[in-house]
Amino acid sequence: MQTMLGIIGGSGVYQIDGLESAAWTRVATPWGQPSDEILTGRLGGLPLAFLPRHGRGHVLDPASVPYRANIDALKRLGCTDILAVSAVGSLREDFAPGDFVLVDQFIDRSTRRPPSFFGPGLVAHVSLADPTCPRLGALVARAAREAGLTLHAGATYLSMEGPQFSTRAESRMYRAWGAEVIGMTGMSEARLAREAELCYASLAMVTDYDCWHESHGAVDVAGVVAVVQANAAAARGLVARLPALLDPDRPACPQGCDHALTHALMTAPERRDPGLVAKLDAIAARLL
Ligand SMILES: CSC[C@H]1O[C@H](OP(=O)(O)O)[C@H](O)[C@@H]1O
Ligand SMILES: Nc1ncnc2[nH]cnc12
């Protein structure tokens, strides 16, 4: 199988430079319209698709992002691997604004997101024990080192509902739980990427100290955007280096992200809902 990299841009990241044969493409899915058109092209010879999570101009709040349509559209275009870029607050003294974090665990505190592509008529249970792909993550970490970024590899992301930022009591509680960064989108996306059998890595840019830190004020959007803009060139440097590290002829994922559904489907074939089966034409094409 040919490797194709999907990049989901977070707050402050609405486009990507340097793509050859770049074109914005509208992709329809059975789950509705994705957040925006998708920019396709080639970077360093590798096919790539870029999707701004909140849409160009940041029109979608975290609960309104069409997570299922976004993942379906990237899979439908042929993406095998997804690098999700996000802005996060830091829940650790040593994760400072401007640092990057390779997230490998999530705690989900969101309440209003569609949790699955599956449901009544076709039930599936995939493993989320390790919700990100270690192979893709290692390549992202290597690209980060080559680009000179400060990267903390391995961290737990608290995925809150928002859109308001946390209270101080919540922020302190999340720290006590062992969460290390906080955002509003991460897990809603990661869980669906696993169901879609996509390798998924999460690169978080620390933009603030949330509100727990006694010597920093409460977080606000202007501060977040300023830090994202100040570090956008570093993130671009990482992205520019990543295609050369990916094998264009995609070897099977050692963790099995690309086979996550193999032992996950529960519903007897004769009891499956044909309507839902049809909607899963891209997500579960390998098995249905
Ligand atoms: C602009 S601050 C809050 C906003 O930033 C993060 O976005 P993303 O994860 O898409 O980079 C956070 O999750 C909130 O959506
Ligand atoms: N402190 C914070 N809380 C939630 N989402 C964020 N995105 C950036 N900073 C954040």
Side-chain angles (χ1 to χ4, degrees), residues 6-16 34-36 50-67 70-71 74 82-93 95-103 106-113 131-132 155-175 177 179-193 200-214 216-232 234-236 238-239:
I7 298 187
I8 301 179
S11 290
V13 182
Y14 309 109
Q15 57 180 13
I16 185 168
S35 296
D36 201 335
F50 170 81
L51 173 60
R53 182 180 294 121
H54 301 275
R56 283 167 287 180
H58 206 111
V59 290
L60 297 168
D61 64 88
S64 310
V65 170
Y67 295 97
N70 288 354
I71 295 295
L74 292 172
I82 294 191
L83 172 62
V85 182
S86 301
V88 293
S90 170
L91 300 174
R92 282 177 63 146
E93 183 83 51
F95 288 5
D99 291 359
F100 288 80
V101 176
L102 190 63
V103 171
F106 295 92
I107 299 172
D108 199 359
R109 286 262 303 168
S110 69
T111 54
R112 292 189 293 140
R113 322 289 170 87
T132 61
T156 298
Y157 176 123
L158 189 297
S159 217
M160 63 177 291
E161 178 56 34
Q164 301 84 0
F165 293 112
S166 327
T167 66
R168 275 186 228 287
E170 287 168 333
S171 195
R172 288 188 208 113
M173 180 179 73
Y174 299 150
R175 273 166 52 78
W177 286 358
E180 294 165 295
V181 295
I182 182 165
M184 303 179 191
T185 61
M187 187 152 192
S188 308
E189 210 165 75
R191 58 168 75 252
L192 296 170
Y200 181 90
S202 165
L203 177 73
M205 182 196 289
V206 177
T207 54
D208 57 88
Y209 274 111
D210 202 39
C211 61
W212 62 272
H213 200 296
E214 278 156 20
H216 292 270
V219 50
D220 63 37
V221 161
V224 169
V225 171
V227 176
V228 171
Q229 282 173 357
N231 293 282
R236 276 199 296 274
L238 184 158
V239 167

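All values derive from a computational prediction rather than experimental measurement. When a ligand or atom number is given, it counts from 1 through the structure's own listing order.
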Sub-4.5 Å side-chain heavy-atom contact between [X] and [Y]:
{"X": "S166", "Y": "D210", "value": "yes"}
{"X": "V181", "Y": "V101", "value": "yes"}
{"X": "L83", "Y": "I8", "value": "no"}

> For R172, what residues pass the salt bridge (Lys or Arg N to Asp or Glu O under 4.0 Å) criterion, not counting sequence neighbours?
Replying inline: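 Applying salt bridge (Lys or Arg N to Asp or Glu O under 4.0 Å) to R172 gives none.
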List ligand 2 atoms under 4.0 Å from [X], heavy atoms only on the residue side.
{"X": "D208", "value": "1 (N), 2 (C), 8 (C), 9 (N), 10 (C)"}
{"X": "M184", "value": "4 (C), 5 (N)"}
{"X": "A87", "value": "7 (N), 8 (C)"}
{"X": "T207", "value": "8 (C), 9 (N)"}
{"X": "F165", "value": "2 (C), 3 (N), 4 (C), 6 (C), 10 (C)"}

> So, does Y67 use its side chain to make a donor-acceptor pair with the main chain of A190 at under 3.5 Å?
Replying inline: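 No: the side chain of Y67 does not pair with the backbone of A190.
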> Is it the side chain (CB and beyond), the backbone, both or neither of D210 that lies under 4.0 Å from ligand 2, heavy atoms counted?
Replying inline: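 Both parts.
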>> Using a 4.0 Å heavy-atom cut-off, which part of I182 comes near ligand 2: side chain, backbone, both, or neither?
In response: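 Both backbone and side chain.
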> Aromatic rings Y14 and H58: how do their planes relate, parallel, tilted or perpendicular, breaks at 30° and 60°?
Replying inline: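 The arrangement is perpendicular - the two ring planes meet at more than 60°.
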>> Let's go through E189 and R53 carefully: what are the C-alpha distance in whole Å and the side-chain angles of both, what is the deciding distance for salt bridge (charged side-chain N to carboxylate O under 4.0 Å, His left out) to 0.1 Å, and is it a yes or a no?
In response: CA-CA 10 Å; E189 210 165 75; R53 182 180 294 121; 2.8 Å; yes
>> Suppose we measure from atom 10 (C) of ligand 2 to each protein heavy atom; which comes out shortest, and what is that distance?
In response: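 Nearest protein contact, heavy atoms only, for atom 10 (C) of ligand 2 is G89 N, 3.4 Å.
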> To the nearest 0.1 Å, how far is atom 5 (N) of ligand 2 from its closest protein heavy atom, and which atom is that?
Replying inline: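 For this ligand atom, the closest protein heavy atom is G183 CA, 3.5 Å.
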> Yes or no on salt bridge (charged side-chain N to carboxylate O under 4.0 Å, His left out) for D108 and R191, after CA distance, side-chain angles and deciding distance?
Replying inline: CA-CA 10 Å; D108 199 359; R191 58 168 75 252; 2.5 Å; yes
> Between Y174 and R109, does any side-chain donor sit less than 3.5 Å from a side-chain acceptor?
Replying inline: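 A pair is found: one side chain offers a donor N or O, the other an acceptor, under 3.5 Å apart.
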> Taking atom types as modelled and ignoring hydrogens, do the side chains of Y209 and E93 form a donor-acceptor contact shorter than 3.5 angstrom?
Replying inline: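 No, because no side-chain N or O of Y209 sits under 3.5 Å from a partner of the opposite role on E93.
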>> Which protein residues come within less than 4.0 angstrom of ligand 1, counting heavy atoms only?
In response: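 Residues near ligand 1: G10, S11, R53, H54, P62, S86, A87, F165, G183, M184, T185, V224.
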